[in-house]
Amino acid sequence: MIEKISDILIVSDIDGTLLREANGLSEENRAAIKRFTDKGGHFTVSTGRAIEAARLVLEDSIINAPSIHINGGYLYDWQKDEVIEPNYLSSYTKFSVNKLMENFKNCDCHFVCQGSSINLLTGGEYLKKYIPKREIKFFDGKVTDVPDDIYKFIVCCDPENMPEIGRFAESIFSRDVNIIQSSPFFLEILPRDNSKGKALCRLCDRMGIPVENSVAVGDYENDIDMITAAGIGAAVDNAAEEVKKAADIVLPRCEENAIMHLICFLEEMYD
């Protein structure tokens, strides 16, 4: 039960929720988070990004709890610089990925492993179109040559091609795989047990915080189970409609400093 600010854990999605990559963290959000953590509140992020990619857009000074990465693939302790509870895809997943790539030439595919967030298996036309500023490394080998310690594969395509590619992926991957759309142009292939919601519960248990004291906020399909698992689930106004329907509260848009508004709402209730 929440009685004061120091009882609360806020877990925020990054892209489209906490910030827009091009604009960075706003002064308004930064100031509100500092005010919240100075009062003893716990603030962290839950993202599809690996820690290496998250560091590009985040300031570690705003985070005072382990963060969630790869949509639940692992937790990360910023103070100890340590990955916690990593979960990898089955080594057989790469063969289904290879089949998908053989059937669709109108997409890119990369994989994520520890130490390098983007390992491109294709030409890069689509990936560079949607994330032009990110560092991309090409994998020197075939899909079937990728190592076994893979957190996820990501298919990138034009949004109009996503439904067909998504249906095909659902038809070929085994039951130990979870397939989620994390943006209009990203389809992610993850271990079945990976989700932001399950990772939120693990994080709360690790921190000794009741899950009902958590507040989760996001904007896309991969945030829904985290929003519904939290004590208070929030969506930003630029979120997909199904995300807003799953939330307890709807905040202003990301560009309008949604996290600042969330913290002000919590301060009015519990400060």
Side-chain angles (χ1 to χ4, degrees), residues 2 5 8-37 41-49 53-54 56-59 62-65 67-72 130-131 133 159 162 180-188 195-200 203-204 211-271:
I2 299 174
I5 291 294
I8 302 172
L9 167 66
I10 296 177
V11 182
S12 173
D13 173 56
I14 295 180
D15 300 291
T17 302
L18 176 61
L19 55 83
R20 292 291 189 189
E21 185 174 358
N23 300 326
L25 183 67
S26 72
E27 288 297 332
E28 292 85 353
N29 280 342
R30 181 187 291 107
I33 294 167
K34 185 177 188 306
R35 191 171 69 243
F36 175 78
T37 55
H42 309 278
F43 182 87
T44 192
V45 295
S46 178
T47 177
R49 291 173 178 249
L56 298 176
V57 295
L58 289 180
E59 303 165 14
I62 69 168
I63 293 174
N64 64 352
S67 48
I68 298 168
H69 297 271
I70 317 294
N71 290 315
Y130 291 107
I131 53 169
K133 296 182 180 180
M162 184 62 76
I180 60 169
Q181 191 175 342
S182 58
S183 82
F185 44 84
F186 277 158
L187 187 73
E188 305 200 7
S195 76
K196 288 187 175 185
K198 290 178 180 177
L200 171 63
L203 175 59
C204 287
V211 71
E212 56 265 29
N213 288 14
S214 65
V215 181
V217 55
D219 74 315
Y220 217 79
E221 176 186 317
N222 57 322
D223 297 312
I224 290 176
D225 72 335
M226 176 177 74
I227 287 170
T228 56
I232 300 174
V236 290
D237 196 44
N238 51 280
E241 284 303 315
E242 62 267 29
V243 181
K244 290 193 275 190
K245 288 178 182 178
D248 300 305
I249 57 174
V250 176
L251 303 166
R253 297 177 63 82
C254 167
E255 297 90 340
E256 297 170 354
N257 303 306
I259 298 303
M260 177 196 73
H261 286 281
L262 173 63
I263 290 171
C264 289
F265 167 77
L266 294 171
E267 287 173 330
E268 288 179 7
M269 292 183 67
Y270 303 110
D271 200 1

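Computed from a prediction, not measured in an experiment: that's the story for all the values here.
- Proximity of Asp13 to Val236: side-chain heavy atoms (C-beta onward) are nowhere separated by under 4.5 Å.
- Using a 4.0 Å cut-off between charged nitrogen and carboxylate oxygen, Glu242 and Lys245 do not count as a salt-bridge pair.
- Within the 4.5 Å cutoff, the side chain of Ile14 has heavy atoms near those of the Leu19 side chain.
- Counting only N and O atoms by type, the side chains of Asn71 and Glu188 include a donor and acceptor under 3.5 Å apart.
- At a threshold of 4.5 Å between non-hydrogen side-chain atoms, the residues Phe265 and Ile249 count as touching.
- A donor-acceptor pair is defined here as one N or O able to donate and one able to accept, closer than 3.5 Å; no such pair exists between the side chain of Asp237 and the backbone of Ala258.
- Contact annotation: the side chain of Met162 never approaches that of Ser183 to less than 4.5 Å [non-hydrogen atoms, C-beta and beyond].
- Take Thr44 and apply the side chain to side chain contact (heavy atoms under 4.5 Å, CB included) test, not counting sequence neighbours, and it matches Leu9, Val11, Ile63, Ala65, Ser67, Leu203.
- For the atom pair CE (Met260) and CZ (Arg35), the distance works out to 8.5 Å, reported to the nearest 0.5 Å.
- Listed here is the closest heavy atom pair of Lys196 and Ser46: NZ-O, 3.0 Å.
- Going from atom CG of Leu251 over to atom CG of Leu262 covers 5.5 Å, rounded to the nearest 0.5 Å.
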_Working note: Ile259 + Phe43, criterion side-chain contact (heavy atoms from CB on, under 4.5 Å); need CA distance, chi angles, decisive distance, verdict._
CA-CA 11 Å; Ile259 298 303; Phe43 182 87; 4.1 Å; yes
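- Contact between Ala247 and Ile227 at its shortest, heavy atoms only, is CA-CG2, 3.7 Å.
- For Tyr130 against Pro159, the heavy-atom pair with the smallest separation is OH-CD, 3.1 Å.
- Note: Ile62 CD1 to Asn29 CG = 8.5 Å, rounded to the nearest 0.5 Å.
- Side chain of Asn238 to backbone of Gly16: a donor-acceptor contact under 3.5 angstrom is found.
- For His42, there are no ring-ring contact (aromatic ring centres under 6.0 Å, His included) partners at least two apart in sequence or on another chain.
- Put simply, CZ on Arg253 and NE2 on His261 are 12.5 Å apart, with the number rounded to the nearest 0.5 Å.
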*asked:* Applying side-chain contact (heavy atoms from CB on, under 4.5 Å) to Ile33 and Ile263, what does each step give before you reach the verdict?
replied: CA-CA 7 Å; Ile33 294 167; Ile263 290 171; 3.9 Å; yes
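- Residues Val57 and Arg49 meet the side-chain proximity criterion, which asks for heavy atoms closer than 4.5 Å.
- Taken to the nearest 0.5 Å, the CG atom of Leu266 stands 7.5 Å off from the CE atom of Met269.
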_Audit row: Ile10, Phe36, side-chain contact (heavy atoms from CB on, under 4.5 Å) steps and yes/no_ = CA-CA 10 Å; Ile10 296 177; Phe36 175 78; 3.6 Å; yes
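- Nearest heavy atom pair, residue Thr17 against residue Ser12, reads CG2-OG, 3.6 Å.
- Under the 3.5 Å distance criterion, the side-chain polar atoms of Asp225 are matched with a main-chain donor or acceptor of Gly197.
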_Derivation of the side-chain contact (heavy atoms from CB on, under 4.5 Å) call for Ser214 and Leu200_ = CA-CA 8 Å; Ser214 65; Leu200 171 63; 3.9 Å; yes
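- With contacts defined as side-chain heavy-atom distances shorter than 4.5 Å, the pair Leu58/Leu25 does not qualify.
- Nearest heavy atoms, Lys244 versus Val250: CD-CG1, 3.9 Å.
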